[in-house]
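Okay, structure first, notes after.
These values consider heavy atoms only, across backbone and side chains, with no hydrogens, waters or symmetry-generated copies.
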Amino acid sequence: MSASRDEIFATLSRLLEPFNPKGVALKPDTEIAAELNIDSVGVMDFIMEVEDTFDIDISLNVLSETHTMDDLVRVVEERLKRDTP
Amino acid sequence: MKDLLEKHRPVMERHDMALAAGADAVGLVNDRILSPTRAIIGGREVILAGTNNYMGITFEEDCIEAGCRALREYGTGTTGSRIANGTYAMHTELERKLADFLGRRHCIVFSTGYQANLGMISGLAGPKDTVFLDADSHASIYDGCTLSGAKLSRFRHNDPESLARRLARHDPQEGGRLVVLEGIYSMFGDRAPLKEFIDVKREHGFQLMLDEAHSFGVLGDHGRGLADEAGLEEEVDFIVGTFSKSIGAIGGFGAGNHELFEAIRWASKPYMFTASPSPASIATSICAVKKLAAEPWRRKKLMENSRHLFEGFKALGLELGCDEVSPVIAVKCADEPSTVAMWNALLQAGVYVNIALPPGTPGRTYLLRCSVSAAHTDDDIERIIALFGQVVKGQGQDS
């Protein structure tokens, strides 16, 4: 299965809804934790949702270098490719 | 130049808001400690119901005597690491006594419980390995994982299926796999469903470390913790625990049967690069381990007291952290201001409990967390229930 970047972006936006009560508009350069004011545990909870939805692993170590929506789209895209035989 | 401390301004503002509502909830000063269950705080005698002093063992005459003797005979501190000048006969004696108590071949003592998790996890896992940790793990487990340099995979709290999915995606050729669970989780007081996790272990294969910080001394026929209670000690590869709760001192330990276990001493910076526990602390710990074995009434009384408080809170209609009786009983509250207000009202009325706020709590909950002691009397428990009845219901709990 290969999802396009737009599809990944749309899914991530949907998964972010519970963490974004103020409804901050999401763009590729949106800094997820900083702009949505999500604390460290919230970020990890969101990533767990992403892992389970796409059936991929995103090691917590990756998070220190993943800040924006676009960063995360790239991580998901790369993991999906890695898992495709 | 960006100021380093500026990022903490919101934390300070949050603290100032809590201060405006009363006492310093996260910096409270005990002026005097009268007993395992009583202190003078702000000039008033209060019942202590948030100290993790499960066995009520901090004022035992024989432990105090042993500590005083050690101070006189061995001095105030060891001034060195276990791998240099800091190993005394009493350190190895405590390790032997604990290994015997736990029914394990090896035991390593660390200077604090926090360092026991740092030292064990970083001693077990390295950069090529993966640690699978429960989402609600204690901060010392997260920090131990970070220190290890291993890849980290976080599964849903107490959800063996969520762990199994992550293990299935992981390539076993990639490196070792360590799963970390806790016997009793410190915030909600719930136990890990150990049998179900062991089923996953049999299917997928991994090495298992169980942190018995809140269950050591508390659970099981021998007081060895959750693995003892569940009859699954042989399936648990490594045990971690602390002296700061049921032992009433400070320090921690790791234990196991692995033939290479002792190598952790030389693979673990939190063991090597800190001073060894002080003589007095080791001496009181040796005495307390003997008491855990010799005085099973403490466990029985603790569980009776826990059931008493649990049922009292249930009868008040309070929403609790979990549905099983454990010495950790958390009352869920609506929001930060009401939790701070209730915590202050309880303190004013004469009972100290812990306040626990996000992000340090599971599921962003606001908690008044109680921990029960074997040293609480039935009257103490009745009083705690009555005060919660007055204060929490008066303020309106989450509803």
Side-chain angles (χ1 to χ4, degrees), chain A residues 1-3 8 11-12 14-24 30-68 71-72 74-85, chain B residues 7-8 10-11 14 121 125-139 141-159 161-172 174-175 177-178 180 187 335-336 356-365:
Chain A
M1 182 202 84
S2 78
I8 295 170
T11 305
L12 292 179
R14 179 172 56 77
L15 294 174
L16 263 176
E17 274 169 28
F19 300 90
N20 185 15
K22 289 187 183 147
V24 174
T30 302
E31 299 229 356
I32 299 169
E35 291 185 47
L36 273 55
N37 197 21
I38 308 176
D39 64 37
S40 53
V41 176
V43 169
M44 291 193 293
D45 287 344
F46 165 58
I47 292 300
M48 199 150 61
E49 298 293 341
V50 175
E51 288 182 317
D52 286 351
T53 302
F54 289 99
D55 196 26
I56 54 172
D57 283 307
I58 302 174
S59 171
L60 296 183
N61 321 50
V62 174
L63 295 188
S64 58
E65 285 166 21
T66 308
H67 302 287
T68 65
D71 292 341
L72 188 57
R74 283 167 201 272
V75 169
V76 172
E77 188 183 43
E78 189 261 332
R79 295 294 189 277
L80 287 172
K81 266 190 205 141
R82 193 192 289 182
D83 288 351
T84 309
Chain B
K7 60 180 169 289
H8 298 316
V11 173
R14 188 181 180 191
I121 295 170
K128 290 184 178 153
D129 305 318
T130 302
V131 183
F132 299 82
L133 75 169
D134 186 287
D136 286 0
S137 292
H138 189 262
I141 294 173
Y142 279 95
D143 289 355
C145 290
T146 304
L147 187 64
S148 74
K151 284 193 276 300
L152 308 184
S153 181
R154 183 174 178 257
F155 58 90
R156 288 177 197 277
H157 174 57
N158 272 355
D159 186 342
E161 181 53 40
S162 175
L163 170 63
R165 275 201 306 276
R166 280 162 173 75
L167 287 162
R169 286 199 295 258
H170 179 263
D171 176 4
E174 244 182 68
R177 322 206 278 191
L178 175 66
V180 182
M187 283 295 128
D335 54 29
E336 187 153 332
L357 305 171
T361 54
R364 310 201 55 75
T365 46

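For a residue to count as touching a neighbouring chain, one of its non-hydrogen atoms must lie under 4.5 Å from one of that chain's; by this rule B:Tyr142 touches chain A with the side chain only. Contacts of A:Ile47 with chain B are absent, with no heavy-atom separation under 4.5 Å from either backbone or side chain.
Comparing A:Val62, A:Asp57, A:Ile58 by how many heavy-atom pairs each has under 4.5 Å with chain B, the most go to A:Asp57. Ranked by heavy-atom pairs shorter than 4.5 Å toward chain A, the options B:Arg169, B:Arg156, B:Lys151 are led by B:Arg169.
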| Between B:Arg154 and A:Asp45, does a side chain to side chain contact (heavy atoms under 4.5 Å, CB included) hold up when you go through it step by step? | CA-CA 9 Å; B:Arg154 183 174 178 257; A:Asp45 287 344; 2.9 Å; yes
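Taking a 6.0 Å sphere around NZ of B:Lys7, one finds it holds more than 12 heavy atoms contributed by other residues, nucleotides or ligands. Heavy-atom neighbours of A:Asp39 CG from other residues, nucleotides or ligands within 6.0 Å: above the threshold of 12.
Looking at A:Glu51 and B:Arg166, their side chains come closer than 4.5 Å, going by heavy atoms from C-beta outward.
A:Met48 and B:Ala135 make their closest contact through CE-CB, 4.1 Å (heavy atoms, listed as atom of the first residue, atom of the second, distance). Pairing each heavy atom of A:Asn61 with each of B:Leu152, the nearest pair is OD1-N, 3.1 Å.
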